[in-house]
Amino acid sequence: MRGLSRAGKRAGEMAFNAGGGVVNWFPGHMAAASRAIRDRLKLADLVIEVRDARIPLSSANEDLQPVLASKRRILALNKKDLANPNIMNRWLHHFESCKQDCISISAHSSSSVSQLLGLVEFKLKEAISKEPTLLVMVVGVPNVGKSALINSIHRIVTSRFPVQDKNKRATVGPLPGVTQDIAGYKIASQPSIYVLDTPGVLVPSIPDMETGLKLALTGAVKDSVVGEERIAKYLLSLLNIRKTPLHWERLLYRREELDEDAFNSNEKDYRDSPQRRRRPNNSDALYVQDMVMEVQRTLCSTFMDFTGNPEEENELESLIDLQLIALRKVFRIPHKPFDETHGPASKKLLTLFRSGKLGPFILDDLPDQ
């Protein structure tokens, strides 16, 4: 059963989501892709299900889970560099306790992907003696990094099997019951193991608002479907409910101490060095790190100065509005009379979160919690 935290439930049910309803986003091409995936799953000897490490449960394709549960499967939790490593270890232990093979990866890292391929070959040892050709399928919802993983696999196997043209996928010969050849990348010989590419696909109807918002926040659902401001407000609600700004206060204080020590240790060299990072400045955040610190400082100060009770839904919404107004100054967004929307600030905040600049997060909670 999907583990939903009290914070997540409250954030997902807040009034700023009123009228949003259940998120529906299932274009026709995805319906066709879903049918194709189901047909090919019958042929697969192993499935790599790619999920976003920040949402290990919410990024699962629920419609395919009954089928995937009956196959040899490896869960590849991608974008591990954006996920809290301590909590990620607990997730890995959780899946291990559920007898599910799981590995955290970064699809852009050759060493990380090589570890995944090693696990694939290990898990197929049982079938190797029975089948001359083995098929591995890669499935996952949009924007979990499936294409990046496929590209990394291609680079790795091109060095293993130079005969495979770097711009052309290898072809698995006609298989029993299949009228067409299936394109894929050969990753091993004796026996031959091929990795097949498949389109990303979402379930026809995302089961609840919280899951939909998490998928939108991590980029699996287009911003235009949910709305950037709604997604940014959901992010801020999570940060405030989890009291993340208080954690940032300690980090900011420590950073400022280190900056001051470095500055005082050799003031002239520090001042003249072209490589030095500029000291934080409220009016001129030219460097990304300075901007991140200003964002964190602003969210921290508005949280600490807020006299209401963030535990109350209406007051939490008021706090979020104050934070978005304050972020306009940080992002240097000009004020327009009678403009009460927060679109530009929301977009910039989401960019920082999605790139990991605000820190590593895991939005899902372990089911046993």
Side-chain angles (χ1 to χ4, degrees), residues 33-34 36-81 83 88 91-92 94-96 98-128 131 133-158 160-161 169-170 172 182-188 191-203 218 220:
S34 184
I37 287 174
R38 290 177 183 276
D39 289 341
R40 293 188 179 189
L41 275 172
K42 300 173 185 177
L43 306 171
D45 297 288
L46 183 142
V47 178
I48 299 174
E49 184 185 358
V50 186
R51 299 186 188 179
D52 192 313
R54 296 167 294 179
I55 46 174
L57 291 181
S58 297
S59 56
N61 186 317
E62 289 295 346
D63 276 6
L64 290 180
Q65 290 310 303
V67 181
L68 295 177
S70 64
K71 309 291 293 186
R72 290 186 188 88
R73 173 174 56 164
I74 296 174
L75 293 184
L77 302 183
N78 188 33
K79 306 183 183 181
K80 68 176 185 178
D81 53 313
M88 176 53 57
W91 272 102
L92 294 175
H94 163 72
F95 285 118
E96 182 181 348
C98 296
K99 309 300 181 185
Q100 172 60 64
D101 293 300
C102 183
I103 183 173
S104 60
I105 67 167
S106 175
H108 295 286
S109 166
S110 295
S111 60
S112 184
V113 175
S114 294
Q115 290 179 358
L116 172 61
L117 293 180
L119 180 59
V120 167
E121 294 186 55
F122 176 77
K123 297 305 296 182
L124 283 175
K125 277 187 175 179
E126 297 175 2
I128 280 177
E131 300 289 342
T133 301
L134 301 173
L135 301 180
V136 178
M137 283 189 63
V138 179
V139 300
V141 301
N143 207 39
V144 291
K146 185 179 66 62
S147 295
L149 174 60
I150 289 290
N151 290 336
S152 290
I153 290 174
H154 188 195
R155 287 193 295 271
I156 292 171
V157 300
T158 297
R160 293 185 184 178
F161 305 99
R169 292 183 294 176
V172 183
I182 297 177
Y185 298 121
K186 187 176 182 179
I187 65 170
S192 296
I193 301 177
Y194 289 84
V195 173
L196 310 181
D197 190 8
T198 57
V201 65
L202 276 174
V203 297
T218 54

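- Taken to the nearest 0.5 Å, the CE atom of Met137 stands 7.0 Å off from the CZ atom of Arg40.
- For Gln115, the side chain to side chain donor-acceptor pair (under 3.5 Å) test picks out no residue, with sequence neighbours left out.
- Separation of atoms OG (Ser104) and NZ (Lys79) is listed at 14.5 Å; rounding is to 0.5 Å.
- At least one donor-acceptor pair under 3.5 Å links the side chain of Ser112 to the backbone N or O of Ser106.
- The shortest heavy-atom contact between Met88 and Leu77 is SD-CD1, 3.7 Å.
- Atom NE2 of His94 sits in a crowded spot, with more than 12 heavy atoms from other residues, nucleotides or ligands closer than 6.0 Å.
- With sequence neighbours excluded, no residue forms a salt bridge (Lys or Arg N to Asp or Glu O under 4.0 Å) with Asp45.
- The CG atom of Leu116 sits 9.0 Å away from the CD1 atom of Ile156 when rounded to the nearest 0.5 Å.
- With rounding to the nearest 0.5 angstrom, the CG atom of Leu196 is 8.5 Å from the CG atom of Leu43.
- Across all their heavy atoms, Glu121 and Ile193 have their closest contact at CG-CD1, 4.3 Å.
- At a threshold of 4.5 Å between non-hydrogen side-chain atoms, the residues Arg51 and Val141 do not count as touching.
- Atom CD1 in Ile105 sits 10.5 Å away from atom CG in Asp81 (nearest 0.5 Å).
- With sequence neighbours excluded, the residues forming a salt bridge (Lys or Arg N to Asp or Glu O under 4.0 Å) with Lys123 are Asp101, listed by chain and number.
- Considering all non-hydrogen atoms of both residues, Ser59 and Val144 come closest at CB-CG1, 4.3 Å.
- Here the closest heavy-atom approach between residue Val47 and residue Lys71 is recorded as CG2-CB, 4.2 Å.
- In terms of heavy atoms, Leu75 sits closest to Gln100 at CD1-CG, 3.6 Å.
- Between the side chains of Ser152 and Arg155, at least one donor N or O lies within less than 3.5 Å of an accepting N or O.
- Between Leu134 and Leu46, every side-chain heavy-atom pair lies at or beyond the 4.5 Å cut-off.
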